[in-house]
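Read through the structure below, which is laid out as C-alpha coordinates, and then see the notes.
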Protein chains: 2
Amino acid sequence: MTDKIDSSLQKAQTECMRTGLRLTDKRSKVLKTLLQAGKPLSAYDIADQFKVSFSESLSAMSAYRMLDFLMQAGLVHKLETSNQYLACSHISCEHKHELPQFLICDQCHTVQEIGLGTHLLKELKDSIENTGFTLSSQQLELHGICAKCRADLSPQ
Amino acid sequence: MTDKIDSSLQKAQTECMRTGLRLTDKRSKVLKTLLQAGKPLSAYDIADQFKVSFSESLSAMSAYRMLDFLMQAGLVHKLETSNQYLACSHISCEHKHELPQFLICDQCHTVQEIGLGTHLLKELKDSIENTGFTLSSQQLELHGICAKCRADLSPQ
DNA sequence: TTGCAAAATGTTATGTTATAACATATTATT
DNA sequence: AATAATATGTTATAACATAACATTTTGCAA
(Lines give C-alpha, C1' and ligand atoms only; values in the text may rest on other atoms or scores of the structure.)
Protein backbone atom coordinates (compact mmCIF):
# COMPACT_ATOMS: atom_id res chain seq x y z
CA MET A 1 0.00 0.00 0.00
CA THR A 2 2.68 2.43 1.07
CA ASP A 3 4.78 1.00 -1.73
CA LYS A 4 2.14 1.85 -4.27
CA ILE A 5 1.97 5.41 -2.99
CA ASP A 6 5.71 5.81 -2.88
CA SER A 7 6.12 4.46 -6.37
CA SER A 8 3.42 6.79 -7.64
CA LEU A 9 5.16 9.74 -6.03
CA GLN A 10 8.45 8.59 -7.51
CA LYS A 11 6.92 8.21 -10.93
CA ALA A 12 5.28 11.62 -10.69
CA GLN A 13 8.61 13.16 -9.74
CA THR A 14 10.40 11.51 -12.66
CA GLU A 15 7.71 12.52 -15.11
CA CYS A 16 7.77 16.13 -13.93
CA MET A 17 11.55 16.30 -14.20
CA ARG A 18 11.30 14.97 -17.73
CA THR A 19 8.79 17.62 -18.77
CA GLY A 20 10.45 20.48 -16.94
CA LEU A 21 7.79 20.87 -14.25
CA ARG A 22 8.73 21.45 -10.64
CA LEU A 23 7.12 18.99 -8.30
CA THR A 24 8.17 20.79 -5.14
CA ASP A 25 8.07 19.33 -1.66
CA LYS A 26 4.72 20.91 -0.83
CA ARG A 27 3.16 19.92 -4.14
CA SER A 28 4.37 16.39 -3.65
CA LYS A 29 2.90 16.34 -0.16
CA VAL A 30 -0.45 17.53 -1.48
CA LEU A 31 -0.38 14.70 -4.00
CA LYS A 32 0.59 12.29 -1.23
CA THR A 33 -2.34 13.51 0.84
CA LEU A 34 -4.70 12.61 -1.99
CA LEU A 35 -3.03 9.27 -2.64
CA GLN A 36 -3.28 8.36 1.03
CA ALA A 37 -6.91 9.46 1.27
CA GLY A 38 -7.80 7.21 -1.65
CA LYS A 39 -10.96 9.21 -2.17
CA PRO A 40 -11.91 12.67 -3.38
CA LEU A 41 -11.32 15.56 -1.00
CA SER A 42 -12.26 19.22 -1.14
CA ALA A 43 -9.49 21.80 -1.22
CA TYR A 44 -10.24 22.70 2.38
CA ASP A 45 -10.20 19.02 3.39
CA ILE A 46 -6.79 18.73 1.80
CA ALA A 47 -5.44 21.71 3.70
CA ASP A 48 -6.74 20.23 6.97
CA GLN A 49 -5.39 16.75 6.26
CA PHE A 50 -2.05 18.19 5.19
CA LYS A 51 -1.63 19.79 8.61
CA VAL A 52 -2.43 16.52 10.36
CA SER A 53 -0.16 14.38 8.18
CA PHE A 54 2.84 16.64 8.01
CA SER A 55 2.53 18.92 11.04
CA GLU A 56 3.05 21.77 8.66
CA SER A 57 0.62 24.53 7.81
CA LEU A 58 -1.07 24.91 4.45
CA SER A 59 -3.64 27.57 3.67
CA ALA A 60 -6.61 26.69 1.51
CA MET A 61 -5.34 29.29 -0.94
CA SER A 62 -2.08 27.39 -1.28
CA ALA A 63 -3.96 24.12 -1.62
CA TYR A 64 -5.85 25.55 -4.59
CA ARG A 65 -2.64 26.68 -6.23
CA MET A 66 -1.00 23.33 -5.75
CA LEU A 67 -4.05 21.54 -7.05
CA ASP A 68 -3.95 23.73 -10.15
CA PHE A 69 -0.39 22.68 -10.74
CA LEU A 70 -1.11 19.00 -10.15
CA MET A 71 -4.08 19.11 -12.51
CA GLN A 72 -1.98 20.75 -15.21
CA ALA A 73 0.56 18.01 -14.74
CA GLY A 74 -2.20 15.43 -15.17
CA LEU A 75 -1.61 14.01 -11.71
CA VAL A 76 -4.91 15.08 -10.18
CA HIS A 77 -8.46 15.38 -11.48
CA LYS A 78 -11.22 17.64 -10.29
CA LEU A 79 -14.71 16.27 -9.94
CA GLU A 80 -16.78 19.19 -11.16
CA THR A 81 -19.99 17.70 -9.89
CA SER A 82 -18.84 17.56 -6.28
CA ASN A 83 -16.12 20.20 -6.09
CA GLN A 84 -13.55 17.66 -5.01
CA TYR A 85 -10.13 16.58 -6.13
CA LEU A 86 -8.56 13.15 -6.43
CA ALA A 87 -5.28 11.65 -7.51
CA CYS A 88 -5.28 10.22 -11.00
CA SER A 89 -5.51 6.46 -10.70
CA HIS A 90 -3.09 5.98 -13.59
CA ILE A 91 -0.03 7.72 -12.24
CA SER A 92 1.91 4.54 -11.78
CA CYS A 93 0.95 2.89 -15.06
CA GLU A 94 1.77 3.86 -18.60
CA HIS A 95 -1.87 4.29 -19.52
CA LYS A 96 -2.47 7.59 -21.24
CA HIS A 97 -6.02 8.89 -20.99
CA GLU A 98 -7.32 12.10 -22.46
CA LEU A 99 -10.91 11.70 -21.38
CA PRO A 100 -11.14 10.37 -17.86
CA GLN A 101 -14.41 8.77 -16.84
CA PHE A 102 -15.62 8.55 -13.28
CA LEU A 103 -18.32 6.51 -11.63
CA ILE A 104 -19.32 8.29 -8.44
CA CYS A 105 -21.30 6.39 -5.82
CA ASP A 106 -23.86 8.72 -4.27
CA GLN A 107 -24.18 6.36 -1.31
CA CYS A 108 -20.63 5.76 -0.07
CA HIS A 109 -19.01 8.50 -2.18
CA THR A 110 -16.30 6.25 -3.54
CA VAL A 111 -15.14 7.05 -7.02
CA GLN A 112 -14.00 4.60 -9.61
CA GLU A 113 -11.98 5.85 -12.55
CA ILE A 114 -12.86 3.62 -15.47
CA GLY A 115 -11.83 3.28 -19.07
CA LEU A 116 -14.71 2.93 -21.46
CA GLY A 117 -13.93 1.07 -24.64
CA THR A 118 -12.18 3.18 -27.23
CA HIS A 119 -14.78 2.08 -29.73
CA LEU A 120 -17.59 3.44 -27.59
CA LEU A 121 -15.73 6.64 -26.84
CA LYS A 122 -15.05 7.19 -30.51
CA GLU A 123 -18.71 6.68 -31.31
CA LEU A 124 -19.70 9.12 -28.59
CA LYS A 125 -17.18 11.66 -29.77
CA ASP A 126 -18.20 11.31 -33.42
CA SER A 127 -21.85 11.61 -32.58
CA ILE A 128 -21.20 14.87 -30.79
CA GLU A 129 -18.80 16.32 -33.30
CA ASN A 130 -21.29 15.63 -36.07
CA THR A 131 -23.36 18.42 -34.60
CA GLY A 132 -20.50 20.82 -35.33
CA PHE A 133 -19.41 20.98 -31.72
CA THR A 134 -15.72 20.50 -30.92
CA LEU A 135 -15.08 18.65 -27.69
CA SER A 136 -12.25 19.77 -25.50
CA SER A 137 -10.73 17.09 -23.33
CA GLN A 138 -13.52 16.81 -20.86
CA GLN A 139 -14.31 14.10 -18.46
CA LEU A 140 -17.48 12.16 -17.87
CA GLU A 141 -18.82 12.10 -14.34
CA LEU A 142 -21.56 9.57 -13.87
CA HIS A 143 -23.49 9.24 -10.65
CA GLY A 144 -25.20 6.19 -9.25
CA ILE A 145 -24.79 3.38 -6.76
CA CYS A 146 -21.73 1.15 -6.69
CA ALA A 147 -21.95 -2.64 -6.64
CA LYS A 148 -21.12 -2.87 -2.96
CA CYS A 149 -23.73 -0.36 -1.80
CA ARG A 150 -26.24 -1.94 -4.14
CA ALA A 151 -25.67 -5.28 -2.44
CA ASP A 152 -25.98 -3.70 1.01
CA LEU A 153 -29.23 -1.98 0.09
CA SER A 154 -30.99 -5.01 -1.30
CA PRO A 155 -29.75 -8.08 0.59
CA GLN A 156 -31.36 -11.57 0.36
CA MET B 1 -40.65 33.97 -29.26
CA THR B 2 -42.93 35.19 -26.53
CA ASP B 3 -45.42 32.65 -27.82
CA LYS B 4 -42.95 29.84 -27.28
CA ILE B 5 -42.30 31.00 -23.73
CA ASP B 6 -45.98 31.43 -22.96
CA SER B 7 -46.83 28.04 -24.36
CA SER B 8 -44.03 26.46 -22.31
CA LEU B 9 -45.34 28.13 -19.18
CA GLN B 10 -48.84 26.98 -20.03
CA LYS B 11 -47.68 23.45 -20.64
CA ALA B 12 -45.70 23.44 -17.40
CA GLN B 13 -48.75 24.60 -15.52
CA THR B 14 -50.95 21.91 -17.06
CA GLU B 15 -48.41 19.20 -16.37
CA CYS B 16 -47.99 20.26 -12.74
CA MET B 17 -51.75 20.31 -12.21
CA ARG B 18 -51.96 16.82 -13.64
CA THR B 19 -49.29 15.48 -11.30
CA GLY B 20 -50.47 17.35 -8.23
CA LEU B 21 -47.57 19.79 -8.05
CA ARG B 22 -48.13 23.45 -7.26
CA LEU B 23 -46.57 25.72 -9.82
CA THR B 24 -47.14 28.91 -7.86
CA ASP B 25 -46.88 32.40 -9.23
CA LYS B 26 -43.32 32.88 -7.98
CA ARG B 27 -42.18 29.49 -9.22
CA SER B 28 -43.68 30.20 -12.58
CA LYS B 29 -41.90 33.55 -12.69
CA VAL B 30 -38.58 31.90 -11.89
CA LEU B 31 -39.16 29.50 -14.76
CA LYS B 32 -40.12 32.42 -16.99
CA THR B 33 -36.91 34.18 -16.02
CA LEU B 34 -34.92 31.19 -17.22
CA LEU B 35 -36.95 30.79 -20.40
CA GLN B 36 -36.46 34.46 -21.23
CA ALA B 37 -32.74 34.34 -20.50
CA GLY B 38 -32.33 31.43 -22.92
CA LYS B 39 -29.06 30.56 -21.25
CA PRO B 40 -27.89 29.16 -17.93
CA LEU B 41 -27.95 31.49 -14.94
CA SER B 42 -26.67 31.14 -11.40
CA ALA B 43 -29.19 31.23 -8.56
CA TYR B 44 -28.02 34.72 -7.66
CA ASP B 45 -28.33 35.84 -11.29
CA ILE B 46 -31.88 34.57 -11.28
CA ALA B 47 -32.73 36.49 -8.13
CA ASP B 48 -31.30 39.66 -9.67
CA GLN B 49 -33.04 39.20 -12.99
CA PHE B 50 -36.31 38.38 -11.26
CA LYS B 51 -36.26 41.76 -9.53
CA VAL B 52 -35.64 43.54 -12.83
CA SER B 53 -38.28 41.64 -14.78
CA PHE B 54 -41.04 41.66 -12.23
CA SER B 55 -40.22 44.59 -9.91
CA GLU B 56 -40.67 42.18 -7.09
CA SER B 57 -38.07 41.02 -4.61
CA LEU B 58 -36.67 37.52 -4.48
CA SER B 59 -33.94 36.43 -2.12
CA ALA B 60 -31.29 34.02 -3.34
CA MET B 61 -32.54 31.62 -0.68
CA SER B 62 -35.98 31.64 -2.27
CA ALA B 63 -34.47 31.25 -5.71
CA TYR B 64 -32.72 28.08 -4.54
CA ARG B 65 -35.94 26.69 -3.13
CA MET B 66 -37.86 27.41 -6.29
CA LEU B 67 -35.14 25.91 -8.42
CA ASP B 68 -35.28 22.76 -6.30
CA PHE B 69 -38.97 22.52 -6.98
CA LEU B 70 -38.59 23.16 -10.69
CA MET B 71 -35.85 20.54 -10.96
CA GLN B 72 -38.01 17.99 -9.18
CA ALA B 73 -40.77 18.78 -11.62
CA GLY B 74 -38.31 18.20 -14.50
CA LEU B 75 -38.73 21.75 -15.77
CA VAL B 76 -35.23 22.94 -14.99
CA HIS B 77 -31.80 21.32 -15.10
CA LYS B 78 -28.73 22.18 -13.10
CA LEU B 79 -25.37 22.25 -14.82
CA GLU B 80 -23.17 20.74 -12.15
CA THR B 81 -20.00 21.73 -13.93
CA SER B 82 -20.80 25.44 -13.86
CA ASN B 83 -23.25 25.77 -10.97
CA GLN B 84 -25.92 27.20 -13.19
CA TYR B 85 -29.52 26.45 -13.95
CA LEU B 86 -31.45 26.41 -17.21
CA ALA B 87 -34.96 25.68 -18.38
CA CYS B 88 -35.40 22.26 -19.89
CA SER B 89 -35.53 22.67 -23.66
CA HIS B 90 -38.23 20.03 -23.95
CA ILE B 91 -40.97 21.58 -21.87
CA SER B 92 -43.18 22.32 -24.83
CA CYS B 93 -42.70 19.04 -26.65
CA GLU B 94 -43.76 15.54 -25.74
CA HIS B 95 -40.19 14.28 -25.72
CA LYS B 96 -39.46 12.42 -22.52
CA HIS B 97 -35.79 12.33 -21.57
CA GLU B 98 -34.34 10.66 -18.54
CA LEU B 99 -30.70 11.40 -19.26
CA PRO B 100 -30.24 14.94 -20.52
CA GLN B 101 -27.05 15.68 -22.41
CA PHE B 102 -25.53 19.12 -22.66
CA LEU B 103 -22.89 20.59 -24.91
CA ILE B 104 -21.43 23.60 -23.16
CA CYS B 105 -19.40 26.09 -25.16
CA ASP B 106 -16.50 27.31 -23.05
CA GLN B 107 -16.12 30.31 -25.35
CA CYS B 108 -19.57 31.90 -25.54
CA HIS B 109 -21.12 29.85 -22.75
CA THR B 110 -24.15 28.83 -24.75
CA VAL B 111 -25.57 25.45 -23.94
CA GLN B 112 -27.17 23.06 -26.34
CA GLU B 113 -29.33 20.29 -24.98
CA ILE B 114 -28.96 17.38 -27.36
CA GLY B 115 -30.35 13.90 -27.69
CA LEU B 116 -27.73 11.28 -28.38
CA GLY B 117 -28.98 8.25 -30.24
CA THR B 118 -30.77 5.78 -28.03
CA HIS B 119 -28.52 3.08 -29.43
CA LEU B 120 -25.40 4.90 -28.31
CA LEU B 121 -26.89 5.73 -24.93
CA LYS B 122 -27.86 2.11 -24.38
CA GLU B 123 -24.36 1.00 -25.27
CA LEU B 124 -22.87 3.52 -22.86
CA LYS B 125 -25.27 2.50 -20.13
CA ASP B 126 -24.63 -1.21 -20.66
CA SER B 127 -20.91 -0.71 -20.68
CA ILE B 128 -21.07 1.02 -17.33
CA GLU B 129 -23.57 -1.30 -15.72
CA ASN B 130 -21.45 -4.28 -16.71
CA THR B 131 -18.98 -3.10 -14.10
CA GLY B 132 -21.68 -3.63 -11.46
CA PHE B 133 -22.39 0.05 -11.09
CA THR B 134 -26.02 1.20 -11.19
CA LEU B 135 -26.51 4.53 -12.89
CA SER B 136 -29.00 6.94 -11.44
CA SER B 137 -30.55 9.34 -13.90
CA GLN B 138 -27.52 11.48 -14.46
CA GLN B 139 -26.80 13.89 -17.18
CA LEU B 140 -23.79 14.25 -19.39
CA GLU B 141 -22.12 17.63 -19.47
CA LEU B 142 -19.60 17.95 -22.24
CA HIS B 143 -17.41 20.99 -22.67
CA GLY B 144 -15.86 22.33 -25.81
CA ILE B 145 -16.31 24.96 -28.51
CA CYS B 146 -19.55 25.37 -30.44
CA ALA B 147 -19.68 25.54 -34.23
CA LYS B 148 -20.17 29.29 -34.27
CA CYS B 149 -17.25 30.10 -31.99
CA ARG B 150 -15.13 27.62 -33.87
CA ALA B 151 -15.85 29.49 -37.10
CA ASP B 152 -15.07 32.83 -35.48
CA LEU B 153 -11.78 31.55 -34.12
CA SER B 154 -10.46 30.09 -37.35
CA PRO B 155 -11.91 32.10 -40.25
CA GLN B 156 -11.05 31.59 -43.96
C1' DT C 1 29.61 34.15 -5.83
C1' DT C 2 26.76 37.54 -6.28
C1' DG C 3 22.91 39.61 -8.26
C1' DC C 4 18.82 39.41 -10.75
C1' DA C 5 14.53 37.50 -12.59
C1' DA C 6 11.22 34.08 -12.33
C1' DA C 7 8.67 30.91 -9.85
C1' DA C 8 6.67 29.39 -5.62
C1' DT C 9 4.58 30.19 -1.35
C1' DG C 10 2.50 33.14 2.42
C1' DT C 11 -1.12 36.16 3.83
C1' DT C 12 -5.27 38.81 3.92
C1' DA C 13 -9.35 40.07 1.96
C1' DT C 14 -13.28 39.24 -0.63
C1' DG C 15 -16.33 37.11 -4.04
C1' DT C 16 -19.44 33.25 -5.16
C1' DT C 17 -22.34 29.28 -4.29
C1' DA C 18 -25.25 26.91 -1.03
C1' DT C 19 -27.67 25.51 3.24
C1' DA C 20 -29.51 25.92 8.16
C1' DA C 21 -32.84 27.60 11.17
C1' DC C 22 -36.70 29.82 12.38
C1' DA C 23 -40.61 33.28 11.42
C1' DT C 24 -44.59 34.45 8.77
C1' DA C 25 -48.00 33.87 5.22
C1' DT C 26 -50.81 31.20 2.21
C1' DT C 27 -53.49 27.20 0.88
C1' DA C 28 -56.13 22.89 1.34
C1' DT C 29 -58.96 20.18 4.21
C1' DT C 30 -61.96 19.18 8.03
C1' DA D 1 -63.54 28.91 11.39
C1' DA D 2 -59.80 25.74 13.00
C1' DT D 3 -55.83 23.47 11.88
C1' DA D 4 -52.38 21.19 9.35
C1' DA D 5 -49.46 21.32 5.49
C1' DT D 6 -47.05 23.88 2.21
C1' DA D 7 -44.80 27.98 0.60
C1' DT D 8 -42.27 32.07 1.27
C1' DG D 9 -39.54 35.64 4.00
C1' DT D 10 -35.47 36.65 6.60
C1' DT D 11 -31.08 36.32 8.79
C1' DA D 12 -27.05 33.99 9.55
C1' DT D 13 -23.44 31.12 8.30
C1' DA D 14 -21.06 27.34 5.86
C1' DA D 15 -18.49 25.82 1.88
C1' DC D 16 -16.03 26.72 -2.31
C1' DA D 17 -13.00 29.82 -4.96
C1' DT D 18 -10.21 33.82 -6.58
C1' DA D 19 -7.79 38.52 -6.32
C1' DA D 20 -4.02 41.14 -4.93
C1' DC D 21 0.10 41.91 -2.99
C1' DA D 22 4.16 40.50 0.21
C1' DT D 23 7.88 37.40 1.00
C1' DT D 24 10.76 33.50 0.10
C1' DT D 25 13.06 30.27 -2.76
C1' DT D 26 15.14 28.81 -6.99
C1' DG D 27 17.57 28.92 -11.42
C1' DC D 28 20.72 31.17 -14.10
C1' DA D 29 23.72 34.63 -16.09
C1' DA D 30 27.32 37.92 -15.26
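Throughout, protein chains are lettered first and strands after them, A, B, ... in sequence-line order, and every chain is numbered starting at 1.
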Report task. State whether the number of non-hydrogen atoms from other residues, nucleotides or ligands found under 6.0 Å of A:Gln13 atom CD is greater than 12. Result -> yes
Query raised in the report: Toward the 5' end of DNA chain C, which comes first, A:Leu21 or A:Ser59, by nearest nucleotide?
Result: A:Leu21
Query raised in the report: Do A:Arg27 side-chain atoms and A:Arg22 backbone N/O form a donor-acceptor pair below 3.5 Å?
Result: yes
Query raised in the report: When the distance from CE of B:Met66 to P of D:dT6 is rounded to whole Å, what number comes out?
Result: 16 Å
Requested in this report: Evaluate whether atom CD of A:Gln10 has more than 12 neighbouring non-hydrogen atoms of other residues, nucleotides or ligands under 6.0 angstrom away.
Outcome: no
Requested in this report: Report the distance from atom CZ of B:Phe69 to atom C1' of D:dA5, rounded to the nearest whole Å.
Outcome: 15 Å
Report summary line: Within residues 24-31 of chain B, the residues having a heavy atom closer than 4.0 Å to DNA chain D are B:Thr24, B:Lys26, B:Arg27
Requested in this report: Flag the pair A:Arg150 / B:Phe133 as yes when at least one side-chain heavy-atom distance between them is below 4.5 Å, and no otherwise.
Outcome: no
Report summary line: Per-nucleotide protein contact along nucleotides 17-30 of chain C, 5' to 3', at a 4.0 Å heavy-atom cut-off (B base, S sugar-phosphate only, - neither), is BBBBB------S--
Report summary line: Across all chains, not counting sequence neighbours, the ring-ring contact (aromatic ring centres under 6.0 Å, His included) partners of A:Phe102 are A:His77
Query raised in the report: Which residues, if any, of residues 46-55 of chain A bring a heavy atom under 4.0 Å of DNA chain C?
Result: none
Report task. Count the heavy atoms belonging to other residues, nucleotides or ligands that lie under 6.0 Å from CE of B:Met17, then report whether that count exceeds 12. Result -> no
**Report entry** Side-chain donor-acceptor contact under 3.5 Å, B:Glu113 with B:Ser89
**Finding:** yes
Requested in this report: Could you tell me whether a side-chain N or O of B:Glu141 sits under 3.5 Å from a main-chain N or O of B:Gln101, the two making a donor and an acceptor?
Outcome: no
Query raised in the report: Under the 3.5 angstrom rule, does the side chain of A:Ser53 hit a backbone N or O of A:Phe50 as a donor-acceptor pair?
Result: no
Query - the helix from C:dT1-D:dA30 to C:dT30-D:dA1: angle between end helix axes, five pairs per end, rounded to 10 degrees - result: 20°
Requested in this report: Would you name the heavy atoms of A:Leu75 and A:Leu31 that are closest together and state the gap between them?
Outcome: O-CD1, 4.0 Å
Query raised in the report: B:Leu21 and B:Phe69: side chain to side chain contact (heavy atoms under 4.5 Å, CB included), yes or no, with the steps?
Result: CA-CA 9 Å; B:Leu21 296 173; B:Phe69 170 87; 3.9 Å; yes
Query raised in the report: Which residue pairs pass the salt bridge (charged side-chain N to carboxylate O under 4.0 Å, His left out) test with at least one member in residues 33-48 of chain B, sequence neighbours excluded?
Result: B:Asp48-B:Lys51
Query raised in the report: Would one find a side-chain N or O of B:Ser62 under 4.0 angstrom from OP1 or OP2 of D:dT8?
Result: no
Requested in this report: Taking the side chain as every heavy atom from C-beta outward, state whether A:Ser8 and A:Leu35 have any atom pair closer than 4.5 Å.
Outcome: yes
